[in-house]
Amino acid sequence: QVQLVESGGGLVQAGGSLRLSCVASGSIFSILMMGWYRQAPGRQRELVAMLTNDGRTNYVDSVKGRFTISRDNAKNTVYLQMNSLKPEDTAAYYCNIRLNDWVTNYWGQGTQVTVSS
């Protein structure tokens, strides 16, 4: 019923930029948080950036100053702007929406970001 469709991943050189998009479709109400996770081969999935419904943002230390999470409510879209990309940013990136019941989660299909040195 509810789908999150991601786009914007790709192959870039170190120092380059990408913008990931996550478009939500279906009936989604009372969003508590939106976020971007990433998972590299052999590593645990980690929360990269989070945006709450009241506008607060949080970032993992490794991306602070380089990544920015934002939203466009009219388009039901959340973005992750990634600048100054590093090879260690290489991972599959997943968007996530959590509803304010603190239980319901929706996940995107994942988009691959590969940063070459």
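The shortest distance between side-chain heavy atoms of Leu18 and Val113 falls below 4.5 Å. Looking at Leu51 and Ile69, their side chains come closer than 4.5 Å, going by heavy atoms from C-beta outward. Side-chain atoms of Val48 and Phe67, non-hydrogen and from C-beta on, do get closer than 4.5 Å to each other. Looking at Tyr93 and Met82, their side chains come closer than 4.5 Å, going by heavy atoms from C-beta outward. Between Arg71 and Met34, the closest side-chain pair of non-hydrogen atoms falls below 4.5 Å. Looking at heavy atoms from C-beta onward, Leu20 lies in side-chain contact with Trp36 at the 4.5 angstrom threshold.
Across every non-hydrogen atom of Thr104 and Asp101, the tightest pair is OG1-OD2, 2.7 Å. What you find for Ser117 and Ala14 is that their closest heavy atoms are CA-CB, 4.4 Å.
Rounded to the nearest 0.5 angstrom, Arg19 CZ and Gln81 CD are separated by 7.0 Å.
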*Which is it for Asn105 and Ile97 under the side chain to side chain contact (heavy atoms under 4.5 Å, CB included) test, yes or no, and what are the steps along the way?*
CA-CA 6 Å; Asn105 282 278; Ile97 293 177; over 6 Å; no

*Between Ser17 and Asn83, does a side chain to side chain contact (heavy atoms under 4.5 Å, CB included) hold up when you go through it step by step?*
CA-CA 4 Å; Ser17 298; Asn83 298 325; 2.9 Å; yes

*Step by step, work out the side chain to side chain contact (heavy atoms under 4.5 Å, CB included) result for Thr68 and Tyr79.*
CA-CA 8 Å; Thr68 303; Tyr79 303 96; over 6 Å; no

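Ring centroid separation for the pair Tyr37 and Trp107 comes in under the 6.0 Å cut-off.
By the salt bridge (charged side-chain N to carboxylate O under 4.0 Å, His left out) test, Arg38 pairs with Glu46, Asp89, sequence neighbours left out.
A single hydrophobic cluster is not seen to contain both Trp102 and Tyr106; linkage of ILVMFWY side chains at heavy-atom distances under 4.5 Å, directly or through other members, places them apart. Taking hydrophobic clusters as Ile, Leu, Val, Met, Phe, Trp and Tyr residues chained together by side-chain heavy-atom distances below 4.5 Å, Val115 shares a cluster with Val60. Both Met50 and Tyr94 are members of a single hydrophobic cluster when ILVMFWY side chains are connected at heavy-atom separations under 4.5 Å.
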Just distance, no hydrogens or angles: give the donor-acceptor pairs under 3.5 Å from side chains in residues 1-12, sequence neighbours left out.
unit_1: Glu6; atom_1: OE1; unit_2: Thr111; atom_2: N; d: 3.3
unit_1: Glu6; atom_1: OE2; unit_2: Cys95; atom_2: N; d: 2.8
unit_1: Glu6; atom_1: OE2; unit_2: Gly110; atom_2: N; d: 3.3

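In terms of modelled atom types and a separation under 3.5 Å, the side chain of Arg66 and the main chain of Ser84 share a donor-acceptor contact. When atom types are taken as modelled, the side chain of Asn58 and the backbone of Arg56 share no donor-acceptor pair closer than 3.5 angstrom.
Side-chain polar atoms of Asn100 and Asn53 form no donor-acceptor pair below 3.5 angstrom. No side-chain donor-acceptor contact under 3.5 Å links Thr77 and Asp72.
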